[in-house]
Amino acid sequence: MKRLKTIVALVVLFTAMSANVSAQDNTYTNDDEWMIYDAFHDAFWCTNKRNYKADTAQPSASHRGNGARDNDYSGCSAAIWCQAIYFDMAVNAYKRRLEEGADNTTLRKAKNRMTSVYSGEKAHYVNFDFDNCNTNNGWFVYDDIQWWTCALARAYQVSVLAGSPVNDYLTYSEKAFCRVWYGSEKVGDDGSYADPADGFSGGMFWEWQPIDHPQPHTDNGFKSACINFPTVIACCELYKVVPDDREAPTSSHPTYQTKDFYLEKAKEIYAWSKAHFCQDAFPGRVADGIHGAGPEWSNHLYNQGTYIGASCLLYLLTGEEQYLTNAREGADYVKKSMCSNKRGKKILNHERGYEQGVYAAIFAQYMKLLVYDCGQTDYLSWMEDNIQYGFDNRDTTRNIQDADFTTPVSADDIVESYGGSALPALMLMFPVDNGTGIKDIKKKEVINDNIYSLNGTRLPSAPQHGVYIQNGRKIAVK
C-alpha cells in the first residue's frame with residue numbers, strides 16, 4: 001500500500017468553520033512543540049530498561065515503585081497503565097508526522113521511536129503475556145490492560161495509515177481486550193464483564209482479587225468509570241479496523257471478536273455507564289465508580305476525558321447526536337468546575353495524587369476527537385490557553401513541565417513523568433500551525449460517497465460535523 005502523502009498537515013484551527021473560535025496569539029511554534037515532546041522522551045525514557053521512569057530523580061526504570069514521592073530512588077518505572085499513555089504519545093507523534101507530509105528522515109525518526117517504545121514496553125511487561133500476574137512486571141488490574149488495548153489499536157491504525165500494517169499491534173490489542181472481557185483460564189478470574197446473562201447487573205469490574213487465586217465476582221464489586229469508558233473506547237477503536245467478514249469465535253476464552261460484537265458492546269457498556277456514572281442534576285459530570293449501589297462522586301480528569309472520548313467515537317460511528325451532546329457536556333463540566341481562572345483563562349486544575357498528573361494527557365487524547373474529528377472548534381482556544389501556560393512556566397533548561405501549568409518549574413525540581421506528559425501530549429494533539437491542508441468546506445447534506453475518516457476507515461454513510469478525506473483531499477464538513 002502506497003504511503004498516503006496526500007494526507008498532509010495535521011488537522012488544526014480552521015477559522016472558516018466557526019465564528020466562535022477566537023484569535024490566539026501563541027508564543028510557541030511548531031518547532032517548540034516537537035522540542036517539548038523530544039525533551040519529555042529524553043528526560044524520562046530509560047535506554048537500558050527501555051521503558052519510562054517514574055520521575056527525573058530515578059537512575060533507571062527497573063521496577064514498580066512510587067519513586068521520589070516516597071523517597072524511593074532505586075530505579076522506579078512509571079506505572080504500567082501510564083506507559084500506555086506514553087506509547088500513545090509516540091503513536092500520535094508518528095501520525096502527526098505522516099499527516100504533515102514530513103520528509104523521509106523525519107518520518108523514520110518518528111516511526112523508530114514508536115517501534116522502540118513498543119518493543120521496549122513489550123519486553124519489560126512480560127512480553128505482553130496478559131495472563132502473567134507477576135506483581136512487578138505483570139498484569140493484575142483490568143484497566144491497566146485495557147489502556148494498552150486502546151493504545152495498541154491506535155498504533156495499528158497508524159501503521160495502516162503509513163501503508164505498512166503491523167499485525168502484532170492488532171493481535172495484542174485484541175488479546176488484551178479479550179483477557180479483560182472474558183478473564184483468564186490460567187489466572188482463574190471470571191473476567192471484567194458483569195454479564196446480565198450470568199445474573200449480574202451489567203458494566204465492567206475494575207479488578208480481580210486476590211491477584212493469584214481470584215474469587216468469583218459479586219455485583220458489589222467495584223465498577224469504575226476508568227474501566228468502563230476505556231472499554232467503550234477499545235470496542236470502538238477495534239470496530240474500525242477488524243475485518244468485516246469474521247466469523248464469531250466459539251471458544252469460551254477467545255482472543256478476538258467480530259466487528260458487530262465490538263459495536264454492540266460499545267453501545268451496551270456506554271449506556272450502562274451513562275446510567276450509573278452520570279446524573280441529570282450534574283450534566284457532564286462523571287462519577288468515579290460504584291460498589292453495587294449509587295455513584296461515588298469525585299472529579300477526575302481521566303474519567304471526564306474517557307467519557308468525552310467514548311461519546312465522540314460513538315457519535316462518529318453512529319451519527320447519533322446525543323453522543324455529541326454528552327461529549328460537549330463532559331467538556332463543559334471540566335471547563336466550568338475543574339479549572340482555575342487565571343487572567344481570564346480557564347486552566348486545568350492539577351490533581352495532586354500519585355500518577356494523577358497523567359490525566360491531562362488522557363484528556364488531550366480525547367479532546368482532540370471533540371475539537372477536530374467532531375468539529376467542535378469552540379473549545380480550541382481553551383486548549384491553547386492551557387498549552388501557553390504550561391509552555392511559559394516550563395523549566396527552560398530541560399524543557400519539561402509538571403501538570404500544574406500555573407506554577408513555574410525550575411532546573412532543580414524533581415518532575416514526575418506523569419505530570420511531565422501533560423504539556424507534550426496537549427501539544428501533539430493541538431498543533432499551533434494553522435496550515436490545515438483542508439481543501440474544501442461542505443455542508444453534510446451535499447456529501448456523497450467515497451468518504452474516509454482521518455484514520456483511513458471508509459465511512460458507510462454521510463459524515464457528520466468534522467474533518468474527513470474525500471478523493472485524496474481533506475475536507476471540513478459543517
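Since this is a predicted model, take the numbers as computed values, not measurements.
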Parallel, tilted or perpendicular: which one describes the rings of [X] and [Y], with boundaries at 30° and 60°?
X	Y	answer
Tyr302	Trp147	parallel
Trp382	Tyr379	tilted
Phe40	Tyr37	parallel
Tyr52	Tyr86	perpendicular
Tyr193	Trp181	parallel

Distance (rounded to the nearest 0.5 Å) between [X] [atom1] and [Y] [atom2]:
X	Y	atom1	atom2	answer
Asp212	Cys133	CG	SG	6.0 Å
Thr56	Glu416	OG1	CD	9.0 Å
Lys95	Ser159	NZ	OG	12.5 Å
Cys76	Arg69	SG	CZ	12.5 Å
Leu369	Ile308	CG	CD1	10.0 Å
Leu426	Met89	CG	CE	9.5 Å

Answer whether the closest heavy-atom distance between the side chains of [X] and [Y] falls below 4.5 Å.
X	Y	result
Leu301	Ile362	no
Arg394	Asn399	yes
His350	Thr407	no
Met35	Tyr28	no
Leu348	Met338	no
Thr27	Asp32	no
Lys223	Ile227	no
Met204	Tyr142	no

Answer yes when [X] and [Y] have at least one side-chain N-carboxylate O distance shorter than 4.0 Å, and no when they do not.
X	Y	value
Asp131	Arg179	yes
Arg398	Asp42	no
Asp38	Arg113	yes
Asp378	Arg328	yes

Got a sec: does the [atom1] of [X] have more than 12 other heavy atoms crowding it under 6.0 Å?
X	atom1	answer
Lys335	NZ	yes
Lys346	NZ	yes
Lys111	NZ	no

Determine the minimum heavy-atom distance between [X] and [Y], stating which atoms define it.
X	Y	result
Leu423	Ile387	CD1-O, 3.6 Å
Trp297	Phe277	CH2-O, 3.6 Å
Ala68	Asp55	N-OD2, 2.9 Å
Pro59	Gly75	CD-N, 3.9 Å
Leu313	Lys240	CD2-NZ, 3.9 Å
Asn326	Ser311	CB-OG, 3.8 Å

Centroid-centroid under 6.0 Å between Tyr354 and Tyr418 rings: yes
Test applied, ring-ring contact (aromatic ring centres under 6.0 Å, His included); reference residue, Phe177; option that passes from Tyr262, Tyr172, Trp148: Tyr262
Charged tip of Arg97 within 45° of Tyr94 ring normal and under 6.0 Å: no
Tyr270 six-ring centre to Lys267 NZ/CZ under 6.0 Å and within 45° of normal: no
Strictly by modelled atom types, are [X] and [Y] linked by a side-chain donor-acceptor pair under 3.5 Å?
X	Y	answer
Tyr389	Gln401	no
Asp72	Asn66	no
Asp143	Gln146	no
Asn299	Glu351	no
Ser410	Asp412	no
Gln322	Glu320	no

side-chain hydrogen bond (donor to acceptor under 3.5 Å, both in side chains) assessment of Gln257 paired with Tyr182: CA-CA 11 Å; Gln257 262 299 347; Tyr182 297 104; 2.8 Å; yes
Chi angles and distances behind the side-chain contact (heavy atoms from CB on, under 4.5 Å) call for Tyr239, Glu264: CA-CA 10 Å; Tyr239 170 84; Glu264 174 191 339; over 6 Å; no
Chi angles and distances behind the side-chain contact (heavy atoms from CB on, under 4.5 Å) call for Val126, Trp139: CA-CA 9 Å; Val126 294; Trp139 310 86; 3.5 Å; yes
Residue pair Ser340, Asn349: steps toward the side-chain hydrogen bond (donor to acceptor under 3.5 Å, both in side chains) verdict: CA-CA 6 Å; Ser340 300; Asn349 291 334; 2.6 Å; yes
side-chain contact (heavy atoms from CB on, under 4.5 Å) between Arg64 and Ile80, intermediate numbers included: CA-CA 8 Å; Arg64 280 190 169 107; Ile80 190 171; 3.4 Å; yes
Backbone N/O of Cys82 and side chain of Glu355: donor-acceptor pair under 3.5 Å: no
Side-chain donor/acceptor of Asn127 to backbone N/O of Asp129, under 3.5 Å: no
Residue pair Leu152, Phe87: steps toward the side-chain contact (heavy atoms from CB on, under 4.5 Å) verdict: CA-CA 9 Å; Leu152 289 164; Phe87 177 56; 4.0 Å; yes
